[in-house]
Amino acid sequence: MHNRVSAGLILAGLLLAAPAAAAPATGSHNRPPPSSRGDEALSQIALEDRARQIVDPLIEGGFNNCARAQATLMSIARSADFDRMSPIARRLTLISLLICHDDQTDKEAVWLATKLDAIAEAPLDQAVANYPLMLQDLRADRDETAARRLLPVLDGLPEMVGDWEPGWFAPMVRAADKDPALEQALLSRLIAVEWTNPSLRDMARSDWRALLARNQAAARKYAALSDTLKPVTSPRILVAVAVDRRFEPVWRELQADNRFDWAAVAEAEIARLRKSAADQPRRLEIVVELMGALRLIGRAEEAIKVGEAARDRLTDPKAFDDQADNANWLHNELAYAYSDVERAAEAEAAFHASIAAGDAQGDRISQRVNWAAYLVRQGRGAEALPVLDQIGDGDGSPYGLLWRESGRVCALASNDRAKADALMDRIAPRWDDNPSAIGRALLCLDRIDEAADLLVKRLRSERHRDTALLAAVAGPRPPKGDYETRMRQRREAVLAKPEVIKALDTYGRRLTVPYVGGYWGLE
């Protein structure tokens, strides 16, 4: 994740531009005469001289000659006299060691980062110190602490995370939503960085802006909110804005700008994605997004043509720059599109291909959950259970694992009702980790009163209100088959509950859009 050369060159430019007076004096002719400090002072000065003789050429060379310098610098850092060196000498030594260090997650990197963190003052120092500590927190599932450490990284040297995939930020973004001040600080930084990674540019233009807009709406910062929403083109995000009363002060402005003309919004998004795909033919991620945008307005056959053309290119392992990260989602989106037009055999083959591609990139959960959900919709719940059993407890986050458990409830609902109810009772208290999954499971069991209670809790929650309101959005597609018919009827029963109607009127508004969603609204 850490790009030594680019970070090193940036640091070199900044450090070399620092005033010479800030650096410790080097050379014997600059040393002060012995004083009361005696040998201790001489030892400190000698150590600083030694460090500077290594660090200076290291910086000037853009940190390309790390191998020769690391051992000596590490011996200096471990010296008993190190903490008596001047702060700038220690800082330069520690920064140099961290830039040269290959594995930013090992114990040595954490030890160096901890020492630097104790003396870091400049934004650059704090960024280099917090990066390994952030990675350590992520490994230990301390996501909120990691999010706080990401802030100085973004302030001081965002290039350190410039080659990350958007999903790597997800645990920190999710954790931050429990603290509005932290969420605002994190998201405002994420959208402000001028990312060179196109995937991160897209996130900064859409998903991260949507979350920041929600935060600003809750805080009633309407002027900032209007600016945040200007670049957003995603139909789903704009629907979420249109149904949520937190955004009511900007509804008229958005309406006047035709941002709620749903057919035009969808067509504009498709046109934007087609252009992006043409301009960036090596980005598979855009192909997947384009397929989803076509399916959203019922154009599954077009989505299939786009997806099949991209799938044919996958025979070349270097056809797309992001092939390893998005091949699973290409196959998954193809499976959905085939399912939309009832091409069952092709849908099944595409699901199997998506699982194989997910396994290859280390994602054992997403496509298995989606394949199992498809099997349940086809009335093949007994076949879904062994698919879900392949997902281990260590394969996903609490959010992802609740989709597995929700899938099990739905698979068991028609085969072993007692077991399904028992599992439902065990997972229901964890609704805050993934209320959409819990809501689906309750519908599968026809536990309407509990599903209504959960929806009201979601509507009252600042964190979960947006997905709850989307769940109430109506679309044009009639249900297909017995399973979808049952689920649609249960959904309507939940939405007809007086307490749900009251909560929906309080926190949002009902909306019908020409978009194709699932049985649970657009979520």
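Note that the numbering runs from 1 along the sequence shown for the chain.
Remark: L190 CG to L154 CG distance equals 5.5 Å, nearest 0.5 Å. Between the CD atom in E405 and the CZ atom in R426 there is a gap of 7.5 Å [rounded to 0.5 Å]. To the nearest 0.5 Å, the span separating CZ on R78 from CG on L112 amounts to 7.0 Å. Note: S86 OG to I45 CD1 = 10.0 Å, rounded to the nearest 0.5 Å. Atoms CG and OG1, from L138 and T105 in turn, are 11.0 Å apart once rounded to the nearest 0.5 Å. Considering CG of L388 and CG of L401, their distance stands at 11.0 Å, rounded to 0.5 Å.
Nearest heavy-atom pair across P198 and R283 is CB-NH1, 3.2 Å. Nearest heavy-atom pair, C100 versus Q70, reported as atom, atom and distance to 0.1 Å: O-NE2, 3.3 Å. The two residues R214 and D177 have their closest heavy-atom pair at NH2-CB, 3.6 Å. For A51 against T93, the heavy-atom pair with the smallest separation is CB-OG1, 3.7 Å. For R404 against G392, the heavy-atom pair with the smallest separation is NH1-C, 3.6 Å. Here the closest heavy-atom approach between residue L187 and residue W208 is recorded as CD2-O, 3.9 Å.
A donor-acceptor contact shorter than 3.5 Å links the side chain of D106 to the backbone of A109. Judged purely by atom type and a 3.5 angstrom limit, R282 uses its side chain to pair as donor or acceptor with the backbone of K318. Although no hydrogens or angles enter the test, the distance criterion places no donor-acceptor pair under 3.5 Å between the side chain of D244 and the main chain of F247. Remark: the backbone N or O of L73 is not paired with any side-chain donor or acceptor of R50 at under 3.5 angstrom. Panel note: side chain S406, backbone L402; no donor-acceptor pair is recorded below 3.5 Å. A donor-acceptor pair under 3.5 Å is absent between the side-chain atoms of R458 and the main chain of R465, judged by distance alone. Panel note: side chain N434, backbone Y399; a donor-acceptor pair is recorded below 3.5 Å. At least one donor-acceptor pair closer than 3.5 Å links the side chain of Q323 to the backbone N or O of F320.
Looking only at side-chain heavy atoms (C-beta outward), I438 and M424 come within less than 4.5 Å of each other. Residues D179 and R148 have side chains in contact (heavy-atom distance under 4.5 Å, counting atoms from C-beta outward). Taking 4.5 Å as the limit, every side-chain heavy atom of Q126 sits out of range of all side-chain heavy atoms of D117. Residues L98 and I95 have side chains not in contact (no heavy-atom distance under 4.5 Å, counting atoms from C-beta outward). Between R209 and K230 there is no side-chain heavy-atom pair separated by less than 4.5 Å. Using a 4.5 Å heavy-atom threshold, the side chains of V287 and N326 count as separate. Under the 4.5 Å side-chain criterion, counting only non-hydrogen atoms from C-beta, L314 is in contact with L284. Using a 4.5 Å cut-off on side-chain heavy atoms (C-beta onward), D466 and R246 make contact.
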Subject >> Test side chain to side chain donor-acceptor pair (under 3.5 Å) applied to E183 and N215, step by step >> reply: CA-CA 7 Å; E183 182 182 53; N215 179 286; 2.9 Å; yes
**OP:** Apply side chain to side chain contact (heavy atoms under 4.5 Å, CB included) to the pair H331 and F351, showing each step before the final yes or no.
**Re:** CA-CA 7 Å; H331 292 301; F351 272 121; over 6 Å; no
**OP:** Please step through side chain to side chain contact (heavy atoms under 4.5 Å, CB included) for the pair R142 and Q136, ending with a clear verdict.
**Re:** CA-CA 8 Å; R142 297 190 295 267; Q136 182 191 41; 3.9 Å; yes
**OP:** Please lay out, stage by stage, how F82 and K115 fare under the test side chain to side chain contact (heavy atoms under 4.5 Å, CB included).
**Re:** CA-CA 11 Å; F82 181 75; K115 289 181 75 68; 3.7 Å; yes
Original post:
Going through the distances and angles, do D163 and T196 end up as a side chain to side chain contact (heavy atoms under 4.5 Å, CB included)?
Top reply: CA-CA 8 Å; D163 60 349; T196 56; over 6 Å; no
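The pair R52-D49 fails the salt-bridge criterion, with no side-chain N (NZ, NE, NH1 or NH2) lying under 4.0 Å from an Asp/Glu carboxylate O. In this structure, D143 does not pair ionically with R174, as no charged nitrogen and carboxylate oxygen lie closer than 4.0 Å. Salt-bridge formation is not detected for the pair K457/D432: no Lys NZ or Arg NE/NH1/NH2 atom is positioned less than 4.0 Å from an Asp or Glu carboxylate oxygen.
Checked options D395, D359, D363; the residue passing with R368 is D359 (criterion: side-chain hydrogen bond (donor to acceptor under 3.5 Å, both in side chains)).
Ring pair W195/F169 is perpendicular by interplanar angle, where above 60° counts as perpendicular and below 30° as parallel. In this pair, Y374 and W371 present their aromatic rings parallel. The plane angle is below 30°, not in the 30 to 60° band.
For the residue pair Q367 / N332, a side-chain donor-acceptor distance below 3.5 Å is found, with atom types taken as modelled. In this model, a donor atom of one side chain and an acceptor atom of the other lie less than 3.5 Å apart for S226 and E253. For the residue pair S234/E269, the side-chain donor-acceptor check at 3.5 Å is not satisfied. Side chain to side chain, D325 and Q361 fail the donor-acceptor criterion of an N or O pair below 3.5 Å.
When the shell of 6.0 Å around NZ of K221 is examined, it contains 12 or fewer heavy atoms from other residues, nucleotides or ligands. More than 12 non-hydrogen atoms from other residues, nucleotides or ligands lie less than 6.0 angstrom from CZ of R201.
Figure legend: cation-pi geometry between R440 and W403 absent, as NZ or CZ is not positioned both under 6.0 Å from the six-membered ring centre and within 45° of its axis. No cation-pi contact links R149 to Y131, judged by a cut-off of 6.0 Å to the six-membered ring centre and 45° from its axis.
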